[in-house]
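First up is the structure itself, then whatever we jot down about it.
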Number of protein chains: 2
Amino acid sequence: MNVLEQIQLNLNKLSRSERKVADAILASPKSAIHSSIATLAKLADVSEPTVNRFCRRMDTKGFPDFKLHLAQSLANGTPYVNRHVEESDSVEDYTNKIYEATLASLDRSRQMVDTATINRAVDILTQSKQISFFGHGASAVVAQDALNKFFRFNVPVQSFQDDLMQRMSCINSSDGDVVILISHTGRTKSLVELAMIAKENDATVIGITATDSPLANECNLVISTEIPEDTDLYMPMASRIGQLVIIDVLATGFTLRRGSKFRDNLQKVKQGIKESRFNKLLNK
Amino acid sequence: MNVLEQIQLNLNKLSRSERKVADAILASPKSAIHSSIATLAKLADVSEPTVNRFCRRMDTKGFPDFKLHLAQSLANGTPYVNRHVEESDSVEDYTNKIYEATLASLDRSRQMVDTATINRAVDILTQSKQISFFGHGASAVVAQDALNKFFRFNVPVQSFQDDLMQRMSCINSSDGDVVILISHTGRTKSLVELAMIAKENDATVIGITATDSPLANECNLVISTEIPEDTDLYMPMASRIGQLVIIDVLATGFTLRRGSKFRDNLQKVKQGIKESRFNKLLNK
DNA sequence: CACATTTATGTAATTTAATTACATATATTG
DNA sequence: CAATATATGTAATTAAATTACATAAATGTG
């Protein structure tokens, strides 16, 4: 709830003088944010400390803080709104809606990500003997992206899409191995089974999934991706983008933790695939 | 143009001390708006009047006015700053930087996307006999994601990662087939070859790639993903996220264009994979 | 209703924040 | 190199905001 709304909703609960302050602000909020407390107090016909008390009552630290919050209230509300695609939408409409929904989802993910958990995951990954990434459907794509990223570090890393290969990999796992299971809902049956098998074989299981789900309950560590989202027939599942960014974060953390030797290997890989590309200047 | 953008655009034109001020603000704009001029000056290692002069240079009346404008910039949907990950970064720092870089990239992509081109691509896809998605490396992941999405529409769609299979698919293509080639730079040699082969066989070639690249030159239609980005050893390639969102947009456009028959098929697929998941209420 | 207690309010004093003035340092130009 | 312009920081001054305290008004209790 922003400050402007808060003022309007609490009008009836304000005292006589504080009501005067509210009225003066509501009469011209744009002007209020640029006014001194003295100017506003005079305009509202109250004392300066009354204005200050009003600001405190609106849960701000004082007048300058109140003005900042009011300024943000005036500046168009929340930055990205998650709106449904409608059948009648033009290409401009649905394109923008999808971008905004994705941005909104990613922003929420940014706010909710638990960096302590990320740090622990990076610890575990850094010390692992082998890393496996598994997921199904859209999350399988994330697992493959993870493979593509971690493969460049020249550490033992694998990812399979075939269900049997996944099971065998988990059966073959042992202490020091890490199995990362990726699932939006955490309710995919076969992934929960993979978690159990891996744990039975002393691997560490990390879930990139919804907390308080069957899969989360079988994991040693859970990186939460539980952003509520409206999926319907037209709206893509934006949360897989959040999963991809978590992979990015883990990969960067891994690189930073591992230090210069792995940076060198990254450079080696980058150089090694250069020939598969047209040179930027010559082959235009 | 808001204050945050103005700062970023004028970085090169600032004097040494004022550049320090800008860097301190960009490092933590949310914190800056709540700071006194003394705190910010200390943080930036400059004098208080230098901060005041910086604010005047940004066309604000002084520090309080600058803060108000900055607060509105932050509330207005362009808050994200693309900052490099440093070796000394904490997990909080690099996590936030990666999220912000991704959000910044995606926001730019949103602003630059050409909806007329999207519309044409949706036209072409809607009328196609068969759709193929190909990419390499990180873009191969995008191609697979596309397969996962379009497969649900029950239209002929394919995607291979094996180079030979890709070539054979393009050799086998004919009029009415669409080949979508995904590449960040547009300079991957084998993808350019795929484009040539597909065109020789009368397929329509759509590139999700950089304009003015070898691949773009071989395509019938180019959906541009040419967002300048700073990639270095630590920063992930955020543009693949933009490619994924373009796939989302195309898929939604396809669904809207195709109408109710395809909506029904989506429901059928969704229902069909329900049993692979634990029921939300019962199996907790 | 009267009295006691609590809450609201404004004046004045104090503190903090921001701005201005001025001297010095640095960069640029002829 | 010298002269001029620009940048910068210290110290002083002004403005803005907050706190302290006394008084007024409202509320609650017997």
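Each chain gets a letter, A, B and so on, in the order its sequence line appears, and its residues count up from 1.
Looking at A:Asp107 and A:Leu103, their side chains never come closer than 4.5 Å, going by heavy atoms from C-beta outward.
Protein atom CG of A:Leu68 is 11 Å distant from nucleotide atom P of D:dA17, rounded to whole Å. In this structure, CG of B:Asp65 is placed 13 Å from P of D:dA16, rounded to the nearest angstrom. Taking atom NZ of A:Lys67 as the reference point, atom C1' of D:dA17 lies 10 Å away to the nearest angstrom.
Salt-bridge formation is not detected for the pair A:Asp123/A:Arg120: no Lys NZ or Arg NE/NH1/NH2 atom is positioned less than 4.0 Å from an Asp or Glu carboxylate oxygen. The pair A:Asp23-A:Lys20 fails the salt-bridge criterion, with no side-chain N (NZ, NE, NH1 or NH2) lying under 4.0 Å from an Asp/Glu carboxylate O. Ion pairing of A:Glu18 with A:Arg53 is absent here, as no side-chain N (NZ or NE/NH1/NH2) approaches a carboxylate O to less than 4.0 Å. Look at A:Asp248 and B:Arg240 and you find a salt bridge, because one of the NZ, NE, NH1 or NH2 atoms lies within 4.0 Å of a carboxylate O, short of that distance.
Contact annotation: A:Ser15 does not reach the phosphate of C:dA8 (side-chain N/O to OP1 or OP2, under 4.0 Å).
Within the 6.0 Å centre-distance limit, the rings of B:Phe54 and B:Phe66 are counted as a close aromatic pair.
A heavy atom lying under 4.0 Å from DNA chain D marks the following residues of residues 48-63 of chain B, by number: B:Pro49, B:Thr50, B:Arg53. Applying a 4.0 Å cut-off to non-hydrogen atoms, the residues of residues 19-47 of chain A that approach DNA chain C are A:Val46, A:Ser47, listed by residue number.
A donor-acceptor contact shorter than 3.5 Å links the side chain of B:Arg56 to the backbone of B:Lys61.
For the residue pair B:Thr102 and B:Ser105, no side-chain donor N or O sits within less than 3.5 Å of a side-chain acceptor on the partner.
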